[in-house]
Amino acid sequence: MHYDDTNIFAKILSGDIPSHTVYEDDKTLAFMDVMPQAKGHVLIIPKCQAVELTDLASEYACAVFKTAQKVIQAQRKALGVAGVVQMQLNGKDAGQSVFHYHMHLIPTHIHELGKHESVMADQDELAKLATKIRACIVD
Ligand code: DGP
């Protein structure tokens, strides 16, 4: 694995750039996607170096999925949505653009899933959505 530790999610993990946190524990961080494919789009990243799924140690894979269970339940409650698409890209040929493993949780229907935004979403709106989802997390 070649892991570039200057990638944007490594910088979010180190606190060098801000994000709107939804949930955090010792192995994972869940935060709002800044170019959402639907309202309430959340990303989950492991707190370890991994470019894609084949690099992810099983303890971190397990932690990411545990966090996903919490976040999906919170998205449903906070946003009043039933369907959440779970997506994860492996490699640039699959469309991966940030090379730190991340799971997408997108409140939408698969047939309505569009491209992600090309501009950043409104930060106040993202902050409000993060607060709403965070409040519905059951630990
Ligand atoms: P992928 O295409 O699977 O590599 O997804 C990368 C996602 O990361 C994409 O949906 C947009 C999001 N993203 C890119 N830069 C940032 C950032 O600086 N902050 C946040 N929160 N999300 C970002």
- request: Decide yes or no for Phe99 and Lys92: does some side-chain heavy atom of the first lie under 4.5 Å from some side-chain heavy atom of the second?
  value: yes
- line: Separation between CD (Gln49) and CG (Asp4), nearest 0.5 Å, reads 9.5 Å
message: Contact between Gln123 and His20 at the side-chain level, heavy atoms closer than 4.5 Å - yes or no?
response: yes
Test item: Gln75 side-chain N/O and Leu105 main-chain N/O as donor-acceptor pair under 3.5 Å: yes
- prompt: Do the non-hydrogen side-chain atoms of Gln73 and Val138 ever get within less than 4.5 Å of each other?
  reply: no
- request: Apply side-chain contact (heavy atoms from CB on, under 4.5 Å) to the pair Gln88 and His104, showing each step before the final yes or no.
  value: CA-CA 6 Å; Gln88 188 258 310; His104 296 261; 5.5 Å; no
- line: One should read off an interatomic distance between His102 NE2 and Leu43 CG, to the nearest 0.5 angstrom, of 6.0 Å
query: What are the two closest heavy atoms between Val119 and Met35, and how far apart are they?
result: O-CG, 3.6 Å
query: Same cluster for Ile45 and Val84 if Ile/Leu/Val/Met/Phe/Trp/Tyr side chains link at under 4.5 Å?
result: no
query: Linking I/L/V/M/F/W/Y whenever any side-chain heavy atoms sit under 4.5 Å apart, do Val81 and Met103 land together?
result: yes
- prompt: If you round to the nearest 0.5 Å, how far is NE2 of His100 from OG1 of Thr6?
  reply: 13.0 Å
- request: Compare every heavy atom of Leu79 with every heavy atom of Pro107, then report the nearest pair and how far apart it is.
  value: CG-CD1, 3.9 Å
query: Would Ile12 end up clustered with Ile133 when hydrophobic side chains under 4.5 Å apart are linked, directly or stepwise?
result: no
task: State the CG-CD distance between Leu113 and Gln37, to the nearest 0.5 angstrom.
output: 4.5 Å
- request: Measure the shortest side-chain to side-chain distance between Thr28 and Glu24 over non-hydrogen atoms and say whether it is less than 4.5 angstrom.
  value: no
message: Quick one, Asp139 and Tyr23 - any side-chain contact, counting heavy atoms below 4.5 Å?
response: yes
task: Please name the pair of heavy atoms, one in Val22 and one in Met32, separated by the smallest distance, quoted to 0.1 Å.
output: CG2-SD, 3.6 Å
task: Drop me the distance from His2's NE2 to Asp55's CG, to the nearest 0.5 angstrom.
output: 11.5 Å
message: To the closest 0.5 Å, what do you measure between CG (Asp33) and CG (Leu126)?
response: 8.5 Å
- prompt: Can you name the nearest heavy-atom pair linking Val64 to Pro46, along with the distance?
  reply: CG2-CB, 4.0 Å
message: I'd like to know if Ile8 and Tyr101 are part of one continuous hydrophobic network [Ile/Leu/Val/Met/Phe/Trp/Tyr, side-chain heavy atoms within less than 4.5 Å].
response: no
task: Tell me whether Val42 is reachable from Val34 by hopping between hydrophobic residues (I, L, V, M, F, W, Y) whose side-chain heavy atoms are closer than 4.5 Å.
output: yes
message: Please give me the minimum heavy-atom distance between Leu56 and Ala50, naming the atom from each residue.
response: CD1-CB, 3.9 Å
message: Taking side chain to side chain contact (heavy atoms under 4.5 Å, CB included) as the criterion, tell me which of Val98, Ile17, Leu29 meets it with Phe9.
response: Val98
statement: On a heavy-atom basis, the closest approach of Cys48 and Tyr60 is SG-CG, 3.6 Å
- prompt: Under 6.0 Å from the NZ atom of Lys47, do we count more than 12 heavy atoms belonging to anything else shown?
  reply: yes
- prompt: Counting N and O atoms only, with roles assigned by atom type, does the side chain of Arg134 sit under 3.5 Å from a partner on the main chain of Thr21, one being a donor and the other an acceptor?
  reply: yes
task: Say whether, by atom type as modelled, one donor and one acceptor occur between the side chain of His109 and the main chain of His111 under 3.5 angstrom.
output: yes
